[in-house]
Every structure is written in C-alpha cells, then in structure tokens.
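Order of appearance sets the numbers: ligands from 1, and atoms from 1 within every ligand. In this chain, residues are counted from 1 in sequence order.
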Amino acid sequence: MKLASLWLIFFIGLSLAANPSRLASSRLKQSVVPPRQWKKHSLPPPDSRIELRIGLVQPQIHVLENHIQEISDPDHERYGKHLSKSEVEDLVAPSEHSLELVNAWIDSHGIEDASIIRTPAQDWIIVDLEVSLAEKMLDTTYHVWQHDDGEFIVRTSSYSLPEHLVDHIDLIQPTTMFSRFSNMRTTLYKANELAFDRYQTNTGHTNDSEDLTPSLDTQPDCNHTVTLKCIQTLYNTAGYTPDGRSRNSIGITGYLQQYANQEDLRLFFADQKSGVFNNVSFNVVLVNDGTNNQSSQRAGDEANLDVQFALGLSYPTPGTFYSTGGNPPFIPDSNTPSNTNEPYAKWLDYILSQDDPPLTISTSYGDHEQTVPEDYARRTCSRFMELGARGVTLTFSSGDDGVGDGEANPKYQTCFKNDGKNETRFLPVFPSSCPYVTSVGGTRGIPEEAVFFSGGGFSDYFARPWYQTEAVNGYLDKLGEHTYAGLFNRYARTSMFPFAYPDVSAQGVNFRVFIGGKPFLVSGTSASSPTFAGIVALLNDARLEAGLPALGFLNPLLYKRGAEAFNDITIGHNPGCGTSGFNATEGWDPISGLGTPDFEKLKEEVLRCP
Ligand SMILES: *[C@@H]1O[C@H](CO)[C@@H](O)[C@H](O)[C@H]1NC(C)=O
Ligand SMILES: *[C@@H]1O[C@H](CO)[C@@H](O)[C@H](O)[C@H]1NC(C)=O
Ligand SMILES: *[C@@H]1O[C@H](CO)[C@@H](O)[C@H](O)[C@H]1NC(C)=O
Ligand SMILES: *[C@@H]1O[C@H](CO)[C@@H](O)[C@H](O)[C@H]1NC(C)=O
Ligand SMILES: *[C@@H]1O[C@H](CO)[C@@H](O)[C@H](O)[C@H]1NC(C)=O
Ligand SMILES: *[C@@H]1O[C@H](CO)[C@@H](O)[C@H](O)[C@H]1NC(C)=O
C-alpha cells in the first residue's frame, strides 16, 4: 500500500519533468469580441501552419521611456543624446529567467531551432509551427474567420498560457488580432475619382477644373493643383537646398505590393524640379520577401505619391523605399502557409536590426485602433519609441475618415465599438494614436483649411503624454464638457487623459504625381505625411550641417517650441460616425493638430536646440 503510493508520486514527478506543460494548469491570457465584420467560417485545414510572435515581458522598458522623455525635451540637458542600438536593445531585453522559462516551454513541445527566429534583444521569439501545436500550447482552438468583404484569416477569440509563464509573456499573436493589416487601407483618398484618365469611365465627376497637361510650363494654381513648388512656397522651404554632404537620409515604407517606380520619379522631377535631374533614383530594400516590380503597369499610386513628394522636397537627401511583403490572400482550403502576421512587425524586425536606419521615415498606412488588441498596440508603439530614442523621426498619415467613417449622416454611420454591444463610438486610427510617432492630418486650398477627411481624435488605449497637456486641454475647454459625450475618450478608463492626434498637418488634396508615366491628381493624408517628412528631412539636414544631432522623436519639441512656427489652421471640420466631427480652432485641434509647418521658423527653433 505504502509502496504503491510512493510509486505513484514518482511517476507523476517523472511526467512533470518530461513535459512540464502537460500538467501545469493554464490561465486565460486574453479574450476578445471580434469586430462585427468578422464571422467564424471553418476550421483551419489540417497541417496548416502559423507564425507565432511571442512578446516577452520587458522589465526595463520604463527606463527607456524615461530616457526618451529626457532626450526629446528641448529644455532638458540631455536633449539630442540619442541611444545606440545596443543601449536600446539592453533596455528592451527580457530577464534571463523569463528567457529560460519560455525557451523550456518551446523546447518541451519539440520545436526545432530552425523554426525559431529571435530579435537581437530576444524581446520577441518568433516560432513557425503547425496550428494544431499552437492550439495545444495556447489551450485554444483556431478558426478560419471571414470578413464581410470575403477576406479570410486564422484567429481565435481567446488564448491561455501555462500558469508559470503568465508573468513572463506579454502577449502572443496572431491569436486575437482581427486587424486588417493584410488589407491595410492606404490613406489615399479617392485617387480613382480624381485621377485624370480614369475620369472617362467614372461618370458623375467633372474634369473641367484640373490642369493635367503632361508638362507644367507655367506656375500652377496652387489652390487647385499641388506641386513641389507650391509646397516649397507655402511652407517656406524654397530658400533652402541641402548640399547633400550631411549624412542625412529619408525612408518611405510600402506594403500591399505597392511599388514605387523609378522612371515615374524621373518624370516627376522633369515635370516639377527645375534644373532637371534625369538620373534621380532611390534605394529599394525588400523586407519579408517583398517584391519590386518596375513595370509601369505596376506603379503604385500610394508608393509613387510618397516617394515623389518626400524625395522631391528633400532632394538630394538619399531616399530608401521599403517594400514589405506578407499577407498573400489566405485560402482556407489549401495547405499553403497561413502567413497571417501583420507586416508592421516584419518591417520593425528589419529596421530595428539596422545600424543606421533613415533619420526620417514616412508611413501612409493604418487601421482602426480597436482592431489591434491593446497589448499588441502597446508593444508596437513601444518599438516605434525605440526608433525615436535612436534618433529616427516617424511620420504617419492620420487617416482619411474624419473621426471614424467619414459619414456625417447618422443613418449610414458605421462606427461601432467592439464590445459586443454595438455602441456608437468614434474610431481612432493606429499607429497615429501612438504617442511616439508624429501624426499628420490634411489641409486643402489657399488660404489653408483643414480638409474634411482629415483623421483625428482621441486614443482609447494610450494616455496623454506630458508634452500634450496644455495644447489638448486648450481644445477641450473650447469643445465644452458635454459635446460628443460617450463618443470619444475624454477621460480614459484608467482616469488618465488620452493621447490625441494628429500632431501637425500639411496639404492633402490634388497632388500632381506621376503614375505609370502619366500625371494624376491624388489626395489623402497619404500626401500629407510624406510632405511633412520631406520638411523634417530638411530640418535634419540643417541640424547635421550645424554639427547637431538629428531630431529623433519630434513631438515634445513641436508642442513646446512649435506653436509659433506653425500656420494655425482655424477653418474646417472632419465629419464621421453620424456627426460633423471636430472643428479646426485656434491652437491645437483634432483635425489639423498644431497646424502646417513654416520651415524657416522651425529651422530657427531646431537650430536653437542643443
Ligand atoms: C472631360 O475631358 C474630356 C476629354 O478631354 C472632354 O471631352 C470632356 O468634355 C470633359 N468633360 C467635362 C465635363 O469637362
Ligand atoms: C546626376 O546628375 C547631376 C546633374 O547632372 C550630377 O551632378 C550628378 O553627379 C549625377 N548623379 C549621378 C549619380 O549620376
Ligand atoms: C511585373 O508586372 C507585370 C505587369 O503586371 C507582369 O507582366 C510581370 O510579369 C511582372 N514581373 C514580375 C517579375 O513579376
Ligand atoms: C449588432 O449589429 C449587428 C448588425 O446590425 C446585429 O447582427 C447584432 O445582433 C447587433 N448586436 C447587438 C448586441 O445589438
Ligand atoms: C482658392 O479657392 C477658393 C474657393 O474656390 C477661393 O475662395 C480662394 O479665394 C482661392 N484662393 C486663391 C489664392 O485664389
Ligand atoms: C463647430 O463649429 C460650428 C459652427 O461654429 C458649431 O455650430 C459646432 O457646434 C462646432 N462643433 C464642435 C464639435 O465644436
């Protein structure tokens, strides 16, 4: 009797040692209500695979937050003292103990080293495995989900972790993330309807007011067609040309098989830059099996717009276009890999592994914040912070749907919270809602007004950072206590005030760009972000020439010193979610931010900073 129970204990001990996860109890890590547009479709095909990203807990991340607060504050003695790649990596690394436990867990499931990728800091472990094994490890069941528009993804609405790992793992994705990064909306507003040769097939629109003759020999009317010259005059950069000797650089990100076309850039320069440089070009970096098709038929409207204006404004600053692959359509009845990660992660893996990333990088993609689980949004935002701490300025377009869906009529609005209750709510856009990027809204015309589609609002995830308090309070006082009560996050759940965006704005309507050899007029905050990035690149050039460090994370400087250096935009509003949206006002507002840049004034300010 006695002997038998001893043996029993021995066997339990043995099996525990051999397979610690088997008997360990698991604890629910996350459970979400998927956005209403997604419906459960089927079980994933047998043998389908998934690439899990395991985000380990970062015990020192707050130290990095303290650093960036100091080095981006122009009044702090450490302003501009950016951290090196390895300093940042030390601060984002997990503890040795976490690593041991997580490695043992992965090991215990028989996963080969060849299927594992680790970021340099080991803050992310990326494991390629069968969905059935992921289900076992996360005590969950994956399904194929289908979006109302037909797209498929493989996700689950909840997952668990072994009890002993809960405090060592921040999150694992893709599990509960229902964002549409596989179909990130470019923030290019109605290019088709505004584009010249597509007018012919697009009844209901007139083409009488647009000048799209192949070459501009006279100064265009900047009120109707935005060219480099218009921007240079309007934002006061005409008197400044980099001499190309500083080690300045600018980057443009591209996703969704949007290719920037070299020949189109040359045509654009021939059209709009006097003293024609027909040998102008940019570097192309392929990330995550990205491709680069230079056929004129494949020239991307978004990619060309971004590259032409960012490089046109900052010439001869060397430019790099990142073509990030990923997200081939997932077909639920094939056994092709369900490559269902969002591509930001892949681009961030790549760029953070580089010793010298470009000093200014513009991105014109985004999605509603609520489609990205909060923990994942935080980790992604924190990786943008890593870049800022290393001296990189990131600009993002603020979105093209005003406060949500761009719909003023309550009958047709589609803004609903993912809480299962169908509550109407403004829909902030991520990554613009991340406090460590510079979000750029849109304006139009001369004199400038905020344009109706300009995205803006208040984050449901991120707290208001120190540098925004005064500007945003000023706006909220004007808005009044009860306006849009319940529609936006005036006081965050945590009783902290939320981060608000955009930070700044720039022209966003009727940009003349070349696509597939022909000029088009395109619009969107997609135009505003590369425009602002081009101006930041000029500011960086001035700083580097003066022997000063690059600007890096820019927002604190803009809010603290910028007010006088921006053209305040006080007309316009951004309808959406069945409301007329927010109004542009004196000072900061959630449609035009601080306003549009006056380069010469900003240059004076940034040269005054250490
Ligand atoms: C649009 O352009 C076409 C071709 O140039 C022209 O024939 C037509 O009259 C124009 N339509 C309008 C409404 O101006
Ligand atoms: C491009 O053309 C300009 C002007 O002719 C010249 O100064 C420059 O050296 C050329 N650059 C390259 C890379 O050929
Ligand atoms: C590039 O695109 C063109 C036009 O769609 C296509 O014909 C060609 O095969 C593509 N090239 C490559 C290498 O994919
Ligand atoms: C939310 O709206 C959808 C679509 O209109 C409907 O199917 C669903 O029943 C609604 N849910 C609730 C809780 O009202
Ligand atoms: C631009 O167009 C608007 C409306 O069409 C007009 O009110 C404004 O005066 C124009 N501005 C200039 C500088 O012509
Ligand atoms: C925006 O301005 C209009 C006109 O002054 C005013 O009627 C409206 O209440 C304002 N809306 C908000 C949200 O401030």
Does the protein put a heavy atom less than 4.0 Å from [atom]?
atom: atom 4 (C) of ligand 6; value: no
atom: atom 14 (O) of ligand 6; value: yes
atom: atom 11 (N) of ligand 6; value: yes

Distance-only N or O hit between ligand 5 and H224, under 3.5 Å | no
Ligand 6 versus F582: contacting region, heavy-atom distance under 4.0 Å = neither
Could you grab the distance from atom [atom1] of [X] to atom [atom2] of [Y], nearest 0.5 Å is fine?
X: H368; Y: S433; atom1: NE2; atom2: OG; result: 11.0 Å
X: Q413; Y: D405; atom1: CD; atom2: CG; result: 6.0 Å
X: L313; Y: K273; atom1: CG; atom2: NZ; result: 7.0 Å
X: Y255; Y: T363; atom1: OH; atom2: OG1; result: 5.5 Å

Please tell me if the side chains of F282 and V307 come closer than 4.5 Å, counting only heavy atoms from C-beta onward.
-> yes
SB check R425 D460 (cutoff 4.0 Å) = yes
Does E51 come within less than 4.0 Å of K346, counting only side-chain N to carboxylate O?
-> yes
Among non-hydrogen protein atoms, atom 2 (O) of ligand 5 lies closest to N223 ND2, 2.2 Å
Looking only at protein heavy atoms, identify the closest one to atom 8 (C) of ligand 3 and say how far it is in Å.
-> N293 ND2, 3.8 Å
What are the atoms of ligand 6, with element, lying closer than 4.0 Å to any heavy atom of Y484?
-> 13 (C)
Would you mind running through ligand 6 and noting each atom that sits below 4.0 Å from a heavy atom of L479?
-> 13 (C), 14 (O)
Go through ligand 3 atom by atom and flag the ones less than 4.0 Å from a non-hydrogen atom of Q297.
-> 4 (C), 5 (O)
Are any of the N/O atoms in N583 less than 3.5 Å from those in ligand 6?
-> yes
Any donor-acceptor pair under 3.5 Å from N510 side chain to H224 backbone = yes
With heavy atoms of I446 as the reference, note each atom of ligand 5 found under 4.0 Å away.
-> 1 (C), 8 (C), 10 (C), 11 (N), 12 (C), 13 (C)
Please state whether the rings of F269 and Y315 are parallel, tilted or perpendicular, taking 30° and 60° as the class boundaries.
-> perpendicular
Heavy-atom contact under 4.0 Å between G581 and ligand 6?
-> yes
